[in-house]
Every structure is written in structure tokens, then in C-alpha cells.
Amino acid sequence: MKTELKVNGQLHTLDHDPRMTLLDALRDDLHLTGTKKGCDHGQCGACTVLLDGRRINACLTLAAMHDGCEITTIEGLGEPENLSALQTAFVSKDGYQCGYCTPGQIMSATGMMDEVRAGDPSHVSTDLSGDVPFDDAEIAERMSGNLCRCSAYPFIREAIAMAAEVKK
Amino acid sequence: MKSFDYIRAESLSDASKAMGDGAQLIAGGTNLLDLMKLQIMSPDRVIDITRLPGLSDVAPYKDGVKIGALVSNSDLAADPKIKALYPVLTRAIVAGASGQIRNKASTGGNLLQRTRCPYFYDTSMACNKRAPGTGCSAHGGAGRMLAILGTSDDCMAAHPSDMAVALRALEAHVEITSANGETREVGLDTLYRLPGDRPDLETTLAEGEIITAVILPAPVKGSVQSYRKVRDRASYAFALVSVAAVVTMDGDKIDTASLAFGGVGVRPWKDAQVDALLHGQTPDQALFAKAADRLLAQAKPHPEAEFKRPLVKRALIAALREATGLAPATAGTDKTRDAV
């Protein structure tokens, strides 16, 4: 079957088996290997991409379901000479060790920051009506879908807090 | 994953007609694709309903609110009407899964997600739910995540949803549309079957029937609502136990209380006797303990799930202390607002 995807602003037509996940389409067909396959079951978050601007697990959805959709991967976020605020912050704060989870962490944090700005509540938000504070507890809770096997969590949270300051 | 035909439904009747043996609807896919990769489910036809019109709104309906079956868990939790008038639903949703999953998972799919019982997930083990008649490997096995209420000899699998627990406390109904376009509305107690000797039959949906909406009744004015979830880690874990409470006070007495429980039941659990016991009473520790004992009167825990008795009792007491004002509200307890 054929599916058209707009990935990082570029239109691609895939010819694929219906079983192909969005993750495999990105990695195997489009050779965008920045998006990582960790658990392939939605538990680790290494495959996080933006689908029409919202963060999702690329491993838990079929490419076929996203005909005509816009996907942003880590390759579409910044260039080595022109990093996004989050990419800069991860480098500056050393928000990783082995780096395997990092693209997923950064894509997830990118989507998450928009959710905070929109005032979407989280499990630790004390008040459902007001603005959401961008504090450490909120960052930790909102990033719980991204695992880091090296446990670089303190620096990951610091990097996200730093990028949030820059974006204000 | 076994191969399947992918069908994109253009209309509800398209989708209904394509259903039947070997067919499976897909919306968010966050649970179904996991199960398909593990070959716990292996449909021949996967019917994509994500582009069906009219199922993606949260809109006023009669005195309450109608939630389209395709509304994502994130959108539902963040909806201004839900946050103001049904805060326990927001709290339950954000207590479950991860940000990525909630962005994808649908309202209808959340209700129909499958149990996370480890024996259901392990295809080398006996499981009456996955493979009817094979037995239940949980007997004599690991039982920490099992239900303790509504179980049968054939199945002790717990229902995994947080959202559905809040929906039971809110007395929500589901709108079901049949292949010929007729709709019916049923409560969650009617939607979900008890396992009995056929744990593979989880709902009362007939062939070709699709959940098209969740309907919330009129908001409970002046209520305090609370969702308290206890789990093995602070985030992104299924409930060991959870409690949803919707409480109104009349002076210093409880006027109405509607409680529902997660992690303990084979379906999102509600016991009318527990609610009745609280009605008109002065809130205190002894009353809450009595309510928990009533809830647990019929409990039959697996030896490794015995801890759920005291745990759900303490969670119930803690939730009711906040909901009745005996303790200050923490994150998870909210007073409903009068308007959006």
C-alpha cells in the first residue's frame, strides 16, 4: 500500500506493508535513524516524534494511519550549526551519558513544553484552573514516558528547565 | 506481527459493515499494536476509524457533556468543561500512561483496552481470557497485579483503566451505535461483563456495534472530587489500587458520595452499598473504615494480592478525608466550579 508523509517539511511517498509502524517507516524506509527503537512497545520513549505538532510514540502507530500527516523528527529540529534551544541546553547541561535516549528525550520535551504553555494539567499540578508552573516536579512527571538507562535524569531535567527559561 | 488487511473507514456504517470475525477497530492503537506485536491479538482486518467525522468533540449534551469516542485522552483531560465540572475525570486521566500515550489514546479505546495481567501477556502461559479453556496460570503464580473483586476461578485479571474508574464515579454512560445506525446508552456496569467462566467475553457489545461517545450526566454541583492512585512507581505505572470519589456535603454531614475503585476489580468497580453507607453520615475515620470493610466484604484476593485489602482501605480513607474536608486538599482533590 502507499502512504504519503510530510517529514521535516519534505513530502515522501512510501510503498509498504500495512504492518509497518511509523517508527520503522522513518528508520528503514526514510533512513532517518535519529529516531531510536528502544523497547518497540511504548514504554521507553526513545521513538518519540511530533505528529502534527504533538509528541507520540512512533512505535505504537501504523504508518498507514498517517497518510497526509506532518511528522517532525530530531533531524527536523535543528542543524549542527543551528541547534534548537533544547538541543543547546542538553549539550550545555550534559543531559545524557550514552545518548541513545536523547533524541526521544528532546522530541518529548519539545512537545511537552507546548503542553505546559497551553496550560494542560499533569498528575502533580495542584490547581487545574491556573497556569502550570514549570518546576522540577512538573518536568519529572511530564517526562515519565522517557526512560534513560544511564539515569542522567537530574541533568535532563536541568536542561529542560534551562530551555524553558530561554523560551520565555 | 501477523499480516492483516488495512481498511480506512470513511463512515460509521462502513466501519460497522467491515466488522465481524477476525476484524479489529483501531483508533489510538497504543494498546492494540502492542498486543499485535506480541501476537496476543492477531486480527485479519484492521479497520482505521480515526477519520470518522463527528466523534472528536467534547460538547454540551442534555444537562451534561458528550465526549466523542475519538477524543484523545490528553484533549479530554485538558478540556475546560471537564476540568471545571468533572475534575475527577481529568485527574484520573493524567494519573495514567505517559504524555505520548495520552496524546494518541482515544476515549473509546481507553474503555476497551485489555488487561495487563502478566499471564494474559505471556503467550506461553495458560490464560482463559486470551485462549479460552486453557486454564489460568495465575493460580499458584505471581498475583501482585490481580483483581480482588468480581473474580472467578477462571480469571482474576484486573481492569487497567484509570479513566473508566472516574467515569464510574461520575455515573457516565456510553453511547453505542449499531450497524444499522441505531444508538443505545448503557452504564459501564452494563458495558463490562464479569468474567465468570467466559473471561474472553469482556463487554456486552454485539457484532457491528461501536462505542461512539461517553455521556456525562449533569455536573454534581458543589461537589469535591478526588482521584487517589497508588502504584509501584511515582508515574507511568498501572494502579495497584485507586479510588475516585465525588462527594457533596450538607452542613457537616455527607449528603451524597459516589465512589469507584481501580486496580481491585475485574472491571472498574463500584458498590452502591458503599455509597449508601456514607449517605447522611458525619464523616470520620470509623465511618470510612466501615465503608472500606463493606467494599471488601466479598473480596477474594490471590495470596500475593492480600496487601490490596489494607491498601485500598487506606486509599479510600485518605481520599474521603480530603473530599469531606477532614484533611486539606492535595493534588488530586478539587472542588467543582459553578461554571466553565
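Nothing here was measured: the structure is a model prediction, and the numbers come from that model.
Closest non-hydrogen pair, B:Gly99 versus A:Arg55, comes out as CA-NH2, 3.7 Å. The two residues A:Thr126 and B:Ala331 come nearest to each other via the heavy atoms CA-CB, 4.1 Å. Closest approach of A:His66 and B:Lys104 over heavy atoms only: CE1-NZ, 2.9 Å. Considering all non-hydrogen atoms of both residues, A:Ser144 and B:Tyr236 come closest at O-CD2, 3.4 Å.
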*Determine, stepwise, if the pair B:Ser235 / A:His123 fulfils side chain to side chain contact (heavy atoms under 4.5 Å, CB included).*
CA-CA 8 Å; B:Ser235 187; A:His123 174 61; 6.0 Å; no

*Can A:His41 and B:Leu38 be said to form a side chain to side chain contact (heavy atoms under 4.5 Å, CB included), step by step?*
CA-CA 9 Å; A:His41 288 277; B:Leu38 297 164; 3.7 Å; yes

*After noting the C-alpha distance and the side-chain angles of A:Leu62 and B:Phe4, does the key distance pass the side chain to side chain contact (heavy atoms under 4.5 Å, CB included) rule?*
CA-CA 12 Å; A:Leu62 296 171; B:Phe4 57 83; 4.0 Å; yes

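In terms of non-hydrogen atom pairs under 4.5 Å with chain A, the most contact-rich of B:Ala78, B:Gly29, B:Ser98, B:Ser3 is B:Ser3. Contacts with chain B were tallied for A:Met1, A:Met65, A:Glu115, A:Arg142; A:Met65 has the most, counting heavy-atom pairs under 4.5 Å. Among the candidates B:Met36, B:Arg51, B:Lys229, B:Lys2, the residue making the largest number of heavy-atom pairs closer than 4.5 Å to chain A is B:Arg51. Of the listed residues (B:Thr50, B:Ile93, B:Asn31, B:Ile26), the one with the most heavy-atom contacts under 4.5 Å to chain A is B:Ile26. Highest contact tally toward chain B, considering only A:Asp127, A:Val124, A:Asp40, A:Asp120, is held by A:Asp40 [criterion: heavy-atom pairs under 4.5 Å]. Across B:Ala95, B:Gly28, B:Ala84, the residue that shares the most heavy-atom pairs under 4.5 angstrom with chain A is B:Ala95.
With hydrogens and angles ignored, the 3.5 Å screen pairs a side-chain donor or acceptor of B:Lys37 with a backbone N or O of A:Cys59.
A 6.0 Å sphere centred on NZ of A:Lys6 holds no more than 12 heavy atoms belonging to other residues, nucleotides or ligands. Within a 6.0 Å sphere centred on CG of A:Asp15, other residues, nucleotides and ligands contribute more than 12 heavy atoms. With a 6.0 Å radius and a threshold of 12 heavy atoms from other residues, nucleotides or ligands, B:Gln39 has its CD atom above the threshold. B:Tyr121 OH: more than 12 foreign heavy atoms inside a 6.0 Å radius. Heavy atoms of other residues, nucleotides or ligands lying less than 6.0 angstrom from CG of B:Asp232 number more than 12.
Atoms CG and CG, on B:Asp34 and A:Asn57 in that order, are 10.5 Å from each other to the nearest 0.5 Å. Between the CD atom of A:Gln43 and the CD1 atom of B:Ile101 there is a distance of 8.5 Å, given to the nearest 0.5 Å. Put simply, CG on A:Leu128 and OG1 on B:Thr90 are 6.0 Å apart, with the number rounded to the nearest 0.5 Å. Atom CE in A:Met20 sits 15.0 Å away from atom OH in B:Tyr6 (nearest 0.5 Å).
For chain B, the nearby part of A:Leu51 is the side chain; its heavy atoms alone come within less than 4.5 Å. For chain A, no part of B:Ala105 is nearby; none of its heavy atoms comes within less than 4.5 Å. Residue B:Thr333 does not touch chain A at all, counting heavy-atom pairs closer than 4.5 Å. Residue contact with chain A, scored on non-hydrogen atoms closer than 4.5 Å, involves the backbone and the side chain of B:Thr30 alike.
Tested against B:Gln100 for a side chain to side chain contact (heavy atoms under 4.5 Å, CB included), the candidates A:Leu60, A:Asn146, A:Val49 yield a single pass: A:Asn146.
The pair A:Arg54-B:Asp75 meets the salt-bridge criterion, with a side-chain N (NZ, NE, NH1 or NH2) lying under 4.0 Å from an Asp/Glu carboxylate O.
Within residues 88-113 of chain A, the residues that have a heavy atom under 4.5 Å from a heavy atom of chain B are A:Ser108, listed by number.
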